[in-house]
Amino acid sequence: CIEATHSFKETAVLVAMLAGEAVQPDAWWVLVLAVSFVLNVVLRLQAPAYLAARLPRRLALLIRPGIGTMLHGQARYFFGYPRFVGIFGIAAARWAAFNDLDRALFN
C-alpha cells in the first residue's frame, strides 16, 4: 500500500510538471526537475536522520524520523525512479524517429 501511494504521488508530480510544460512551454521544467532531483537525493540519503544523530537532543526531536518516514524511505528505493522509464523510452523513440528534440516530448 505504501509503495502504491508513493508511486502515485511521484507520478502525479511528474505529470503535473509535464502538463505545465505542455500548456506553456518554457525552461522552468528543467529547474523544477533539478530541484525535485536534489531534494529526493538529500532525503534518500537520510540527511534528516544524519543531522538528528548529531544535533543536541532537544533539536534532534524536531527532525527525528519516525516509522512512517523510514517506511517511506524504503518505498522510494523501489518505486521512485521507475516512473521515468516509460516517458524517457517514448521520448527516445520519438527523438530517433523525428530527429527533433522538440517533437520528442510534444506533438
Side-chain angles (χ1 to χ4, degrees):
C1 183
I2 290 174
E3 297 88 4
T5 303
H6 181 72
S7 180
F8 179 77
K9 178 258 181 197
E10 293 294 335
T11 302
V13 168
L14 180 62
V15 168
M17 182 178 62
L18 290 176
E21 177 62 22
V23 170
Q24 185 178 8
D26 57 11
W28 279 103
W29 71 274
V30 176
L31 177 64
V32 171
L33 184 65
V35 168
S36 177
F37 176 76
V38 168
L39 288 175
N40 272 329
V41 168
V42 166
L43 292 174
R44 187 161 285 134
L45 292 174
Q46 299 295 323
Y50 176 82
L51 288 175
R54 280 146 185 81
L55 290 174
R57 185 165 178 80
R58 295 183 114 182
L59 292 175
L61 291 175
L62 297 174
I63 62 170
R64 180 182 62 189
I67 188 66
T69 303
M70 300 309 287
L71 287 173
H72 183 253
Q74 292 300 315
R76 285 192 309 233
Y77 282 112
F78 298 107
F79 298 96
Y81 289 118
R83 69 187 186 276
F84 290 114
V85 173
I87 291 174
F88 286 139
I90 291 170
R94 289 179 56 89
W95 190 16
F98 298 121
N99 199 20
D100 182 14
L101 191 57
D102 290 336
R103 289 185 68 187
L105 292 176
F106 306 107
N107 291 335

Trainee: Residues two or more places apart in sequence or in another chain: which of them pass side chain to side chain contact (heavy atoms under 4.5 Å, CB included) with Leu31?
Mentor: Trp28, Val35
Trainee: Applying side chain to side chain donor-acceptor pair (under 3.5 Å), name anything that partners Arg54, two or more places apart in sequence or on another chain.
Mentor: Tyr50
Trainee: Taking side chain to side chain contact (heavy atoms under 4.5 Å, CB included) as the test, write out the residues that go with Val15, two or more places apart.
Mentor: Thr11
